[in-house]
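Written below as structure tokens is the structure these notes are about.
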Amino acid sequence: MFSCYIFLSVLSLSGFLGDFHVFGCDENCPDKPVFSPSRLVVEFGTSTSANCSVCREDCLGKFSGLEHSTGRFQKNETTYLWTAEKINTWTSSILCYYNKGKDLQCCSILPIIVYQFPTKVEVGFRNHDGPMLEGQQYQLYCRVEKVAPLRNVIVTLYQGETVLGQYHPKYNNENKPSNMTFMNVFNATKENDGARYKCVARLDLEHDVALNDTISNIVTATVYYKPQLVGPAGGPVSLTVGDPLHLNCSAEGNPRPSVTWILPSAAPSDFHGEVFSVDSVATEHKGQYVCSINNTVGTATVKFYVEVHINYTPIILAAIAALVGLATLTVILLYVHYYRLSRTGEYRLKDVLRFRTPHVALPAGEL
Ligand SMILES: *[C@@H]1O[C@H](CO)[C@@H](O)[C@H](O)[C@H]1NC(C)=O
Ligand SMILES: *[C@@H]1O[C@H](CO)[C@@H](O)[C@H](O)[C@H]1NC(C)=O
Ligand SMILES: *[C@@H]1O[C@H](CO)[C@@H](O)[C@H](O)[C@H]1NC(C)=O
Ligand SMILES: *[C@@H]1O[C@H](CO)[C@@H](O)[C@H](O)[C@H]1NC(C)=O
Ligand SMILES: *[C@@H]1O[C@H](CO)[C@@H](O)[C@H](O)[C@H]1NC(C)=O
Ligand SMILES: *[C@@H]1O[C@H](CO)[C@@H](O)[C@H](O)[C@H]1NC(C)=O
């Protein structure tokens, strides 16, 4: 018979087994004491209460009791009204029982979950201050201080609004306030530059209490990375005299890169802007343009080969126009000349030719 009794291990943990007048509880008791509420979730240092209805009928006239490590109770018939002004132990429970026979009891235990919000939730980079270097690995930590119980804590690490990782030590048995640290690998990339990180510690008390979040500080990552061209990459640039020239060497980088140009001799010798421009190119602007985009992490170099062509079309058109003009002028002059001759009745070379030609040609044809 005794083998089916469970020992009050829960109560012995709390260190007040000695106070109990009970030996063991009958697991198969049909009419067990009923606690209301059936579970107690209490913030450390606050008051709480519970009732135990010892039985429906089995216990009438039998010895009953309420064992408690804290608080006090009143009895009204078969109901115990237990109250505690201030819960100030981290492990508590109450036992309600009645005697069924020799060494045999019907009992119920009300566990009391004592919780405490963290005093501090902190996010940061482990062993690191200041800017990080692209390509290196760092550790992002979230530290939660003096929270209880740990198994009810869910720590979530965020990058902006994106969840990076979550930690829930659900098998932790510590009831007292403890510190915990959650680590997440941080790969420093250009994309992470300027990203904001925060951590939220949630005490998930299984819906007995509204979920309670404690939010950390926010850290902003600064990642140094070498310059990267954002405009079109260099290469050949083909222009015609008079065209505008724009060479775009815009680049991203942290720290902000500086730009240095190596220009053909015709261009200004000292230029540091991101975009090199000439309003109207001439043939002497042709050549190789090199921009070096430079920061403390690295250098990017872009080369442009500028070709400047002369446009011959207007020259050809002008020449054609001149020829046409000349021809027209000649015709006009000839006409004017002929007209003047006909008016003055002078001998006309054209008429002579017209008369003479068939006359001379006929005998030739007969030959
Ligand atoms: C316990 O019982 C008393 C009286 O019946 C009632 O006023 C009180 O609200 C009950 N407490 C709990 C925690 O159920
Ligand atoms: C005891 O409980 C009964 C009914 O449950 C109630 O009428 C009575 O007022 C209670 N007595 C005390 C002292 O609380
Ligand atoms: C938790 O951290 C605080 C502050 O760093 C420290 O004072 C305390 O001793 C730590 N507690 C435990 C249980 O390690
Ligand atoms: C970080 O980089 C390593 C390899 O460089 C990769 O295995 C790991 O998945 C990366 N972690 C994250 C969080 O991006
Ligand atoms: C240079 O290129 C970048 C990226 O394409 C662009 O945002 C910027 O407006 C350009 N600058 C000029 C002056 O064209
Ligand atoms: C890059 O910048 C450093 C200083 O920031 C300077 O000393 C160096 O000459 C620069 N290199 C080029 C190629 O412009």
Side-chain angles (χ1 to χ4, degrees), residues 33-43 46-56 66 68 70-85 87 92-94 96 108-113 123 125-126 128 132-142 156-160 162-167 182-193 195 197 199 208-209 219 221 223 225 227-235 237 239 243-253 256-257 259 261 271-279 289 291 293 300 302 304 306:
V34 174
F35 275 107
S36 152
S38 60
R39 225 171 136 254
L40 263 190
V41 179
V42 190
E43 185 171 1
T46 63
S47 66
T48 187
S49 68
N51 294 337
C52 173
S53 170
V54 180
C55 68
R56 278 158 303 182
L66 188 84
H68 57 295
T70 182
R72 58 199 154 73
F73 67 86
Q74 290 178 308
K75 192 182 173 195
N76 181 2
E77 292 167 12
T78 57
T79 304
Y80 287 89
L81 285 75
W82 172 83
T83 54
E85 298 284 293
I87 292 287
S92 294
S93 55
I94 351 172
C96 191
S108 291
I109 294 163
L110 175 68
I112 303 174
I113 297 167
V123 70
F125 291 99
R126 190 166 167 241
H128 188 85
M132 292 169 281
L133 263 186
E134 183 184 30
Q136 306 271 318
Q137 222 169 54
Y138 300 85
Q139 300 251 296
L140 194 57
Y141 72 81
C142 175
T156 311
L157 188 63
Y158 290 90
Q159 172 177 329
T162 310
V163 173
L164 282 188
Q166 203 166 56
Y167 180 52
F182 169 47
M183 292 285 189
N184 211 61
V185 167
F186 177 85
N187 289 337
T189 63
K190 150 180 172 319
E191 288 72 29
N192 290 338
D193 184 38
Y197 297 87
C199 183
D208 285 304
V209 174
V219 289
V223 178
Y225 59 96
Q228 283 169 15
L229 197 73
V230 294
V237 177
L239 296 173
D243 283 353
L245 169 65
H246 295 293
L247 300 177
N248 191 339
C249 232
S250 297
E252 288 180 340
R256 196 181 159 72
V259 183
W261 289 85
F271 181 74
H272 289 281
E274 286 187 341
V275 180
F276 178 83
S277 304
V278 172
D279 289 342
Y289 291 70
C291 73
I293 316 152
V302 185
F304 299 92
V306 175

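All ligand and atom numbering here is 1-based and tracks the order in the structure. This structure is a prediction, so every number in the text was calculated from the model and none was measured.
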ask   = Tell me, do Leu140 and Met183 make a side-chain contact under 4.5 Å, heavy atoms counted?
value = no

key: Contact residues of ligand 5 (heavy atom under 4.0 Å), by chain and number   = Val230, Gly231, Asn248, Ser250, Val275

ask   = Looking only at heavy atoms, which two atoms of Asn51 and Trp82 are closest? And how far apart?
value = OD1-N, 4.3 Å

inquiry  = Side chains of Ser250 and Asn248 only: does a donor on one sit below 3.5 Å from an acceptor on the other?
reply    = yes

task = Heavy atoms only: give me the nearest Leu229-Val302 pair and the separation to one decimal.
result = CD1-CG2, 3.7 Å

request  = Give the numbers and elements of all ligand 4 atoms closer than 4.0 Å to a heavy atom of Gln137.
outcome  = 1 (C), 2 (O), 3 (C)

inquiry  = Is there a side-chain contact between Leu81 and Ser49 in this structure, where contact means two heavy atoms from C-beta onward sitting under 4.5 Å apart?
reply    = no

ask   = Between Tyr197 and Phe186, does the ring centre distance come in under 6.0 Å?
value = yes

inquiry  = At less than 4.0 angstrom from any non-hydrogen atom of Ser36, what atoms of ligand 1 do you find?
reply    = 12 (C), 13 (C), 14 (O)

ask   = Where does the angle between the aromatic ring planes of Phe73 and His68 fall among parallel (under 30°), tilted (30 to 60°) and perpendicular (over 60°)?
value = perpendicular

task = Check each atom of ligand 1 against the heavy atoms of Ser49 and keep those under 4.0 Å away; list them by number with element.
result = 13 (C)

